[in-house]
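Report on the following structure.
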Amino acid sequence: MDTQAVKRTGRWKSRIASELVGILGAGAVISAEDELIAYESDGLTGYRVKPLFVVLPSTAEEVSQVVGLCNREKIPFVPRGAGTGLSGGALPSREGIVISLSRMNRILEVDIPNRVVVVEPGVVNISVTDAVSAEGFYYAPDPSSQIVCTIGGNVAENSGGVHCLKYGVTTNHVLGVEMVLPDGAVVMLGGPSPESLGYDLLSLVVGSEGLLGIVTKVFLRIIKKPQMVKTLLASFERIEDAGASVSAIISSGVIPAGMEIMDNLSINAVETTVGAGYPRDAGAILLVELDGPGAEVTAQVPAVSRILRENGAIEIKLAADENERQLFWKGRKSAFAAMGKISPGYYVQDGVIPRSSLARVLGEIGELGRRYGLRVANVFHAGDGNLHPLVLYDPEVEGESEKAEELSGEILRVCVDVGGSITGEHGVGFDKKRFLSLMFSEQEIDTMNLVRCAFDEEGLCNPGKVFPTPRTCVEPGMGKHGSHNHAPKGMGELF
Amino acid sequence: MSHIAELSRMVSNFHVPGSGGTDSSVPEFGFSPEVILYPETVEEISRVLGFASQKGIRVFPFAGGTKLSLGSPVRAAGAALSLKRLDKLLFHEPSDMVSTVQCGMEVREFQNAVGRENQLFPVDPPGLSSGATVGGLVSTNLCGPMSTRYGTCRELVLGVRAVRADGEIINLGGKVVKNVAGYDIPKLMTGSLGTLCVLVEATFRLYPRQPFSRTLVLGFDDHVSCSRAARAILAADVVPTCFEILDERLSSEFSVAPGAKRSILLRFDSFEEAVVEQIKQVREITSGKPASFVEMGDEDSRELWDSAREFPFSSAASFSSKLTLPVTASIEILSDIESDPALSGVTVRSLARPARGVALVSVSGEGEEAVIAAGFLENLADSLGGRIMFSDVRCELREKVKAWGDFGDALFLMKNIKRRFDPGNILPGEKIFDAD
Ligand SMILES: Cc1cc2nc3c(=O)[nH]c(=O)nc-3n(C[C@H](O)[C@H](O)[C@H](O)COP(=O)(O)OP(=O)(O)OC[C@H]3O[C@@H](n4cnc5c(N)ncnc54)[C@H](O)[C@@H]3O)c2cc1C
Ligand SMILES: Cc1cc2nc3c(=O)[nH]c(=O)nc-3n(C[C@H](O)[C@H](O)[C@H](O)COP(=O)(O)OP(=O)(O)OC[C@H]3O[C@@H](n4cnc5c(N)ncnc54)[C@H](O)[C@@H]3O)c2cc1C
């Protein structure tokens, strides 16, 4: 349900403000216009909405009380981590409250024997690895934004990274969450055990884009650092050959930790800004990282090199040491930022295709770029077919940003046409809700709404996101409030 | 015409129990359906459920019935709906390592089909060799020894096609390995025991088959050295495909390490050099501790892995149970069970899968003793921060040994989900919500 902006009086606002201060203390409630600006948008800065208040709770109990207040007053609320999201997921609701989890940033428990780290949601991704690194462990999902983005945001977006080809995405590494439900109740789903029983509600919460409640504690699985890591940098004349190598490597039985492709435009942007040692004249480069037991990796390196050569690699460099390896990755991880240096504006797209359609889709993206007269750079997680076309434009040129957005949307159509997805890791959020129906029928979107209604009957939690059109939670044969969330009456007759 | 007769006319084939004919292939449901439906298309299933939900006829989906003992018994359903005739491989793109199958296909057959392209669907559930189906696999989320490396089918399912209780046909998830468009409903379907939707197709990610395989059996004289070795293996630079700990009784029944107090089973799959190297490492880190150390080739170890996979479903016990625990608790629990007087009156068999934090325990014993044992295991799981599920509970114990332990906070949300997906409780919800 999209909550209509209700006209609130000044007196009402100051009453709510003082109630919030009562719950959280004055230092944890932001209401000054100039301080609210920082929370108007997330990483997708094109959309901006000023919230009523921003609150900075320190405990689940405080979150629960704020959510309780929101329920009583029918105020929409939006959870927020570091605000690096790229789909407008943390965009505030009009006349709503932003609940920032940034102060809940403690690592609560490190349990090496059980391979579990328990954190609050505001903990920054990289801190988890930092906390266990000395013991030889790490937290696998590594989004490029990992030095700033939070675990709460990662859980909400089911974030990926450059190593998820082999190790999976966030959902494969979250064992449990404590969360405040949209009506204020605090529940625990899953826990410290690797497996669980009953409906897999945890899998619904991971990737729920902040619509099912506010995550206040997360049980993360940590894994052992591999014994050996080797990184190959292969350059190609044609990007299609880089793509063909990816399929050939996997078909040979090797699953690299990660495989990333960058095209000539991206290579040059990176070289201009960070100088990662990539060959500027290559049509594309492919980074292949192999990790695992030493003997396995040692056997894989020559096997993979042979496949790369067979598929037209003109040069293959094996990172000589950890420094060079870090440099190879630094180039990849700073690719988005580098675009900002060579173009005054760019639009990041996130779509997925089957690996086997890579050549075809890259061709079509090139064609679209020519048709729109805009440059498109390709940097992507090639191993799992997750494309990040970057559409470059100049915001000063009249109409160009609209053109870039339109082209970016066309790319999603191509992805869906070949059997892919409109988003691999950045989420639907506010930005892509209009594309959801490219993939799903009305009945399918209604089915997703069943899940939402099971968690949030009132629709106050991050409204206006994901679903293309507002949907309510009326149950067949019942009035809207015919049943209550908590102690479902009538279950006895049902079951 | 009766509603049941009308339902029957909506499908290609049906069978009225007691009317002779194919009764022999009808499984023990534990209730008496008036008709068994054998649809051949998704549209037939859609029509059946659409009609059933209008008329309030309960429909129990199944695939033949090896795991009908999972979950609580179904009290009553007018129709049983067999998926056995939707048994085709629909899509397999080797270079994408993705495949879509119909849910009535047998897991074994599916594995053979992708195996022809040198690919692996790495789930080895109990019932694999007696015809467990893909739909049954997803619905039960059962897995076997290979889950140590590959996880359960929850980790592999990318998308499902399903028929909702009201007859709507829906496709959720996708056919690509990475996808965050919408809630991950395919994962919600795993383990839901047919209580939310009838699954008709599933799409999975596949893995490459590994060229070389070796199995290790380590026998131990006492549990302390076994636990120590297990922890050392978990901490080592080795990546086993399978890693199981057997108690004394299973060590001897699986004839792996007769006389040993405990044994550890390991399997490595990779390039030959890498397998050899990992075995060497295991020898080093456990050096001197195991009383016996046996290495086996693929062929020789087959029977052993079949036994481990089928346990505890193969045992004619009073009940069996699955405990989901933190990793270290799953290693120690074998000793907790062995030494407790509450279990002195029954025969216990237990197997731990430490990397998954899973312990499988079967108990054979007379009435009250078995009930006490069940209560003990439930408390034990609880005190270790885990959960428990009982299955194959012998008839006379069912009143006292319920399938499910405590779902904790999640229960009311689970009920909300069930009520939203199937307000009329057409798909028997008591499989999971037995207490109501
Ligand atoms: C330069 C750059 C590179 C990036 N690279 C990657 C990448 O490689 N892979 C990738 O997957 N993403 C990437 N991202 C996207 C982004 O960093 C991730 O989506 C990240 O998980 C967002 O985390 P955050 O803390 O910034 O969350 P926010 O942006 O603050 O919020 C994201 C969503 O999560 C919800 N949310 C936040 N906290 C909670 C909580 N505690 N409970 C419930 N809901 C919550 C919000 O409501 C919102 O819907 C990149 C972004 C940038 C700017
Ligand atoms: C008495 C008996 C006779 C048998 N006769 C034959 C025979 O003649 N021919 C033969 O090939 N095999 C036969 N079998 C073997 C049996 O058919 C297979 O073992 C069966 O296909 C495997 O069942 P399953 O484990 O896949 O799931 P099941 O045991 O059928 O079901 C397990 C659970 O999953 C749910 N479920 C299963 N599929 C779905 C789905 N698609 N959607 C939603 N929920 C689902 C069920 O509701 C149930 O809760 C027989 C077995 C028995 C016990």
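Convention: sequence-line order gives letters A, B, ...; per-chain numbering from 1.
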Could you tell me whether a side-chain N or O of K224(A) sits under 3.5 Å from a main-chain N or O of D237(B), the two making a donor and an acceptor?
no
Contact class of K432(A) relative to chain B, heavy atoms under 4.5 angstrom
neither
Any side-chain donor paired with an acceptor under 3.5 Å for S356(A) and E93(B)?
no
Side chain, backbone, both or neither: which part of Y199(A) has an atom under 4.5 Å from a heavy atom of chain B?
both
Heavy-atom distance under 4.5 Å to chain B: side chain of S441(A), backbone, both or neither?
neither
Could you tell me whether the side chain of E277(B) reaches within less than 4.5 Å of the side chain of Q227(A), counting heavy atoms only?
no
Residue, of V180(B), V177(B), L120(B), that accumulates the most heavy atom pairs under 4.5 Å with chain A:
V180(B)
Checking E444(A) side chain against I170(B) main chain: does a donor-acceptor pair fall under 3.5 Å?
no
Measure distances from T171(A) to the heavy atoms of chain B and classify the residue's part below 4.5 Å as side chain, backbone, both or neither.
both
Quickly, which of V98(B), V176(B), D96(B) forms a side-chain contact (heavy atoms from CB on, under 4.5 Å) with R355(A)? Name it, please.
D96(B)
For the side chain of R154(B) and the backbone of E195(A), is there at least one donor-acceptor N/O pair under 3.5 Å apart?
no
Interface moiety of V169(A) toward chain B, non-hydrogen atoms closer than 4.5 Å
side chain
Chain B contact via L436(A) - side chain, backbone, both or neither, heavy atoms under 4.5 Å:
side chain
Proximal component of E209(A), with respect to chain B [non-hydrogen, under 4.5 Å]:
side chain
Should V352(A) and N179(B) count as side-chain neighbours, where that means a heavy-atom distance under 4.5 Å?
no
Contact between I185(B) and V451(A) at the side-chain level, heavy atoms closer than 4.5 Å - yes or no?
yes
Looking at side-chain heavy atoms only, is the closest gap between R115(A) and L234(B) below 4.5 Å?
yes
Select one option (side chain, backbone, both, neither) describing which atoms of L197(A) are under 4.5 Å from chain B's heavy atoms.
both
Which bit of H381(A) is near chain B, if near means a heavy-atom gap under 4.5 Å: side chain, backbone, both or neither?
side chain
Atom group of V205(A) that falls short of 4.5 Å from chain B, counting heavy atoms
neither
Between N114(A) (side chain) and V327(B) (backbone), is there a donor-acceptor pair under 3.5 Å?
yes
Can you tell me which portion of I250(A) sits under 4.5 Å from chain B's heavy atoms? Options are side chain, backbone, both or neither.
both
Name the option with the most non-hydrogen atom pairs under 4.5 Å to chain A; the candidates are G357(B), P354(B), P326(B).
P326(B)
Portion of L202(A) that has a non-hydrogen atom of chain B nearer than 4.5 angstrom
neither
For M439(A), is it the side chain, the backbone, both, or neither that has a heavy atom closer than 4.5 Å to a heavy atom of chain B?
side chain
Report the option among V466(A), T447(A), N386(A), V428(A) that has the most heavy-atom pairs separated by less than 4.5 Å from atoms of chain B.
T447(A)
